[in-house]
Novice: 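Take this structure, written in structure tokens, and hold onto it; I'll ask about it next.
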Protein chains: 2
Amino acid sequence: MASKKNHKRDWAGSAESHDHRICIVDALDKAAELCSQRGARLTQIRRRVLELIWSSHRPIGAYSLLKVLKEERANAAPPTVYRALDFLLEQGLVHRIQSQNAFIGCADPNHQHNGMFLICTDCGNAVELEETKIDRLLKSSASSRGFVIESRTVEAAGLCPDCQIN
Amino acid sequence: MASKKNHKRDWAGSAESHDHRICIVDALDKAAELCSQRGARLTQIRRRVLELIWSSHRPIGAYSLLKVLKEERANAAPPTVYRALDFLLEQGLVHRIQSQNAFIGCADPNHQHNGMFLICTDCGNAVELEETKIDRLLKSSASSRGFVIESRTVEAAGLCPDCQIN
DNA sequence: TAGCGATTGTTATATTATAACATTTATGGT
DNA sequence: ACCATAAATGTTATAATATAACAATCGCTA
């Protein structure tokens, strides 16, 4: 009957590897600080959406966010979420995972960058990499064809250490 | 009045850099050969969808394909296109461009691989790279975290040589 | 040529995302 | 404090992408 596992235990993510509550608080604090420095307004909605996104290390979709928001704010609608996401993306506080049409918190919002991710196909968790070498290679490969890169998507799917055990 | 250019001339793509008709014919021939070898059926619909995808070097969306198909086959519907796309993706004859929900012909269908692309934000053309170094780096970066990659997406957006001129 | 699996037809619907316009809220200048 | 303004949010509608489910047909082979 091949029961499909669906880990709560987390490689990147939750109780067993770290206290995720701190993860969330840190992310929100840093976001508040950055927005303040930039004169950008981290409103209630935006802050709450960011918090929801940080509620796990799994990318989360716009309509999942909406579902939760609706319980708290009866008039939440798709634009409510998408506008908040637009803001958070602009501020570099979250990244979009193109292969999933979903969103995840940025690990290092201090400097603007496109994320680079390892995404577990089993537990769903994602970790952000910073591999300057890959960017350099990609840039030089592009350059050799006269192409100038403005942004890029790098997403790898596979099995995280925890999920390989099974 | 900043008129928006929209090149027909092509870096990767059409009349000025190569005879694209040959491009299409080659792709279809190779697809037929591969499918035959594999005992996979390149039916009329599948062949036609592949041909439409190869009609330019721009990634094309499922509903653009559908629009054309409908002119030829009154009963074409979304599943018609998506099934053909599923087949072509399985056979490695096309790649999905995640950042655009669109599809493009595979430059080298002989060996199964995920594509790696440079996509011009101006003219829309895409070229497929093969950078084994990037894959090696990504693999080793994943490996150092105990992660095993099964597939990946690498897409860079920017300006192709032609479109930088303006 | 009967049976079977693969392919296609058909209808309906799920999921993701944006357009357009109305209303409310926050903020700086006076 | 008050007003003008821009920014943010509310609201309704719809566009764009993708899949589910079941029926009909096709093509191979036993």
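Letters A, B, ... mirror the listed sequences (proteins, then strands); counts begin at 1. Computed from a predicted structure; not experimentally measured. Reckoned from all heavy atoms, side chains included, excluding hydrogens, waters and symmetry mates.
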Novice: Name the one of L89(A), L88(A), I97(A) that satisfies side-chain contact (heavy atoms from CB on, under 4.5 Å) with F103(A)?
Specialist: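 Single side-chain contact (heavy atoms from CB on, under 4.5 Å) partner of F103(A) among L89(A), L88(A), I97(A): L89(A).
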Novice: L69(B) has an atom CG; how far is it from atom P of dT8(C), in whole Å?
Specialist: 11 Å
Novice: When the distance from CG of L66(B) to C1' of dG9(C) is rounded to whole Å, what number comes out?
Specialist: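 After rounding, the gap between these two atoms is 13 Å.
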Novice: Among the candidates dG10(D), dT12(D), dA18(D), find the nucleotide nearest to the side-chain atoms of T80(A).
Specialist: dG10(D)
Novice: Please report, rounded to the nearest Å, how far the C1' atom of dG10(D) is from the OH atom of Y82(A).
Specialist: 18 Å
Novice: Reckon R83(B) touches a base, only the sugar-phosphate, or nothing at all at heavy-atom distances under 4.0 Å?
Specialist: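 Base contact - R83(B) has a heavy atom under 4.0 Å of at least one base atom.
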Novice: Starting from the 5' end of DNA chain C, give me the residue, N75(B) or R41(B), whose nearest nucleotide shows up first.
Specialist: R41(B)
Novice: Starting from P on dA16(D), measure out to CD1 on I60(B) and report it in whole angstrom.
Specialist: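 Checked: the CD1 to P distance equals 15 Å.
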Novice: So, E128(B) and H113(B): side-chain donor and acceptor under 3.5 Å apart, yes or no?
Specialist: yes
Novice: For dT8(C), take OP1 and OP2 only and decide whether either is under 4.0 Å from a side-chain N or O of R73(B).
Specialist: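 So the side-chain polar atoms of R73(B) never come under 4.0 Å of the phosphate oxygens OP1 or OP2 of dT8(C).
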Novice: Less than 5.5 Å between centroids and less than 30° between ring planes, does Y63(A) satisfy that with dT16(C)?
Specialist: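 Yes, aromatic ring over the base.
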Novice: Please state whether the phosphate of dA18(D), meaning OP1 or OP2, lies under 4.0 angstrom from any side-chain nitrogen or oxygen of N101(B).
Specialist: yes
Novice: dT12(D), dT9(D), dA18(D): which one has an atom nearest the side-chain heavy atoms of F103(B)?
Specialist: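 Out of dT12(D), dT9(D), dA18(D), the nucleotide with an atom closest to F103(B)'s side chain is dA18(D).
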Novice: Given atom CG of L88(A) and atom C1' of dT9(D), what is their separation to the nearest angstrom?
Specialist: 15 Å
Novice: For E51(A), is there an ion pair with R48(A) - N to carboxylate O distance below 4.0 angstrom?
Specialist: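 Yes, this pair counts.
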Novice: Send over the distance from Q44(A) CD to dT9(D) P, rounded to a whole Å.
Specialist: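 Whole-Å distance recorded here is 10 Å.
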Novice: Report the residue (P78(B) or T43(B)) whose heavy-atom-nearest nucleotide on DNA chain C is the more 5′ of the two.
Specialist: T43(B)
Novice: Is the number of heavy atoms from other residues, nucleotides or ligands within 6.0 Å of CD (E150(A)) greater than 12?
Specialist: yes
Novice: Can you confirm whether the side chains of E155(B) and S99(B) place a donor and an acceptor under 3.5 Å from each other?
Specialist: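 Yes, a side-chain donor-acceptor pair sits under 3.5 Å.
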Novice: Looking only at the side chain of P79(A) (C-beta and beyond, no hydrogens), which of the listed nucleotides dA19(C), dT11(C), dT16(C) gets closest?
Specialist: dA19(C)
Novice: I45(B) CD1 to dA6(C) C1': how many Å, rounded?
Specialist: 13 Å
Novice: Measure the distance from CD on Q98(B) to P on dA18(D) and round it to the nearest whole Å.
Specialist: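 It is 9 Å, rounded to the nearest whole Å.
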